[in-house]
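Note that the structure is a prediction, hence the values are computed from the model and not measured. Proteins get letters first, then strands, A, B, ... in listed order; numbering begins at 1 in each.
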Number of protein chains: 2
Amino acid sequence: MKPTVDHVECKNCSTRFQSVFCKTENDRITEIDAEKICSSFKKGETIFKEGSYASGVYCINAGKIKLSMLGDEGKEQIVRLAKPGDIIGYKALLSGDRYSATATTLDDCNVCFIPREIFMRILQKDAAISFEMMKILSNELRNAEEKITHLAQKPVRERVAETILFLKETYGLDAEKNINIALTREEIANLVGTATETTIRLLSEFNKEKIIELAGKKIKIINLPKLIKTANIYD
Amino acid sequence: MKPTVDHVECKNCSTRFQSVFCKTENDRITEIDAEKICSSFKKGETIFKEGSYASGVYCINAGKIKLSMLGDEGKEQIVRLAKPGDIIGYKALLSGDRYSATATTLDDCNVCFIPREIFMRILQKDAAISFEMMKILSNELRNAEEKITHLAQKPVRERVAETILFLKETYGLDAEKNINIALTREEIANLVGTATETTIRLLSEFNKEKIIELAGKKIKIINLPKLIKTANIYD
DNA sequence: AGTCAAATATGACGAATATCATGTTTTAGG
DNA sequence: CCTAAAACATGATATTCGTCATATTTGACT
C-alpha cells in the first residue's frame, strides 16, 4: 500500500457528482471520508494485479488508468480505461473473487482507497448507491457485449477508427485539440485487439488519408465525419 | 404480451435457490408472486427485441434462451445463453435504456414477467436482492471481459473447443451424455464469433479426431482432456 | 551531449479464415 | 408421405491480418 498523501475530501472532490456517489447524502460522504485512504501513484505504476485478493475499491481523483487482462500467451488485453470520478476494483469485491484485471496508471494519479468492509457496509445501508452501482455495472456490461460483437464481426480497420473515437469520448481533447491521452501503439493495439504492426500501419494510413494527424503519441482528429465513416458506425 | 398461463408459485419454483432470489425471505417472495405474470413461449419465439423499451424483467422457469445482438451488417452475435433460474432483461431496466439484445427461445419456455415498478421497488427495499444483482452483473462482466480477451487473442479452433466446453457447463448432459442443447451450426458460429462454414469444418475435424461425436445437432464429448487441450485452457 | 533501450515504421511473406459456389442431407409442414 | 426450405457439408479461392525481419526514430538516463 502506498503511503497516505494529502487527504482529498470527498465533499470537495471535483468528481463527486459524476461518480457513483452522485446521489449520496452528505453524512454518508463524511462517513466514507473518515475511513478512506488517499494515495498517489506515478505514471506506469500498478495499483492492483490480476489474481490478487481484493481488499477494497479505488476511487480515482486524478489521472488515467488502464485495466488489462493477460491472455493465454501472455499478451495484454486492455478491457477498460478509467478516468477521474470512476471507481475500479469493484467487480472482484462484489463477486467475492480475486481481481480479474491489472490496474496500471497511464498518468500520475491520485486515488482514494475504500476498504472492503466500509464499501460493503455502505452498499448494505444505502439503496441509492447500490442502485448507482448496478447502473454502472449494467452500462459496462452493455459496452462489453457491444465490444464482443464488433470484435467478432468488424474488420481491424473499422475497429481502430472506432477506438480513436472511443478515446476521444473517454478522455476528451487538450488545448491543441489532440486526444487527451498518450498511449503507445502497442497499447492501442491491445485495446483494439490486433497486432501492434497492424495498428501502426492503420494509423499511418489514416494520417495519409487526412483523417487524423499524428505527432508522436498525440492524435488529432482532423476529419471527424470520415473517421466515423471509417469506423462504420451510424448511431 | 403472452396470455397468462398456469401460475408457477415462486416459493415452489424449482429454481428458487439458484436464482437472484436465493437469499430472499418468504414474504418478499409472496409479494413478487402476487404481481408477476407467467407466460409460455414456444421454441423460436421472441420474448423481447433489441431496441424496444424495457418494461420489466423475465425470470426463466423452464427452457433455454439465447440473447443476441445484431452487428452492423445484420449478422447475429449471441452474447449470452440463459437457463432456468436466470433472469433476463435486467440490464436495460437498470441502465434505464432500451433492450440491447434480443431474447429468443431455444426451447419451449415458461417465463415469469416481473414489471419494472415491482422489480425496482424490491431492489429499493431489499439490500440482499440488490447485492445478488450486483454479484450477477459482476460475474457477467468478468465473463464478458474474458470473452473479449479470447476473441482478440485466440484462434478460431481454440474458441470452438472452448464454446463446446461452455455449452456443457451451461446446460449439462442429457441421458445419452450428449450436451443438453440443440443449436444450429450457425448459432454455434454466432456464439464463437466466426463464419458458419468454419464452425462446420472444425466440428467435423473434432469428430474425425475422436474428440467429439456428432449426430445431427447432438454433440457428445468423448475425449474431454483432448478437448480441454484443444481449447488451450489450463484453469 | 551521448548512449542505449524502447517505440515506431515498413516491407515481405505466409497462415488463418472468410467468402463463394455447389451439392447433399435433414427437417418441418401440408 | 411428399415437397420445399433450411441446414449441413465440402472444395476452391480470395483476402485480411499476423509474423518475422530489419531499419529508423524517439526518449530516458547518466
Euclidean distance, atom NZ of residue B/Lys154 to atom C1' of C/dA16 [Å, nearest integer]: 16 Å
B/Arg185 side chain near D/dA9 phosphate (N/O to OP1/OP2, under 4.0 Å): yes
Phosphate-side-chain proximity, A/Lys217 and D/dT26, N/O vs OP1/OP2 below 4.0 Å: no
side-chain N/O A/Arg201 vs C/dT10 OP1/OP2, d < 4.0 Å: no
Any B/Thr184 side-chain N or O less than 4.0 Å from OP1/OP2 of D/dA6: no
Distance in angstrom units between B/Leu214 CG and D/dA9 P, rounded: 7 Å
Of A/Ala152 and A/Gly216, the one whose closest DNA chain C nucleotide lies more 5': A/Gly216
Whole angstrom value for the distance that separates P of D/dC17 from CG of A/Leu151: 12 Å
Integer-rounded Å distance: C/dA16 C1' and B/Glu158 CD: 12 Å
Under 4.0 angstrom between B/Thr198 side-chain N/O and C/dA18 OP1 or OP2: yes
A/Glu186 CD - C/dA6 P separation (whole Å): 11 Å
Any A/Thr194 side-chain nitrogen or oxygen under 4.0 Å from OP1 or OP2 of D/dC17: no
Test applied, ring pair (Phe, Tyr, Trp, His ring centres under 6.0 Å); reference residue, A/Phe48; option that passes from A/Phe41, A/Tyr58, A/Tyr90: A/Tyr58
Separation of atom CD in A/Glu76 from atom P in C/dA7, rounded to whole Å: 11 Å
Integer-rounded Å distance: D/dA14 P and B/Glu197 CD: 17 Å
Sugar-phosphate only, base, or nothing, as touched by A/Thr196 at under 4.0 Å among non-hydrogen atoms: nothing
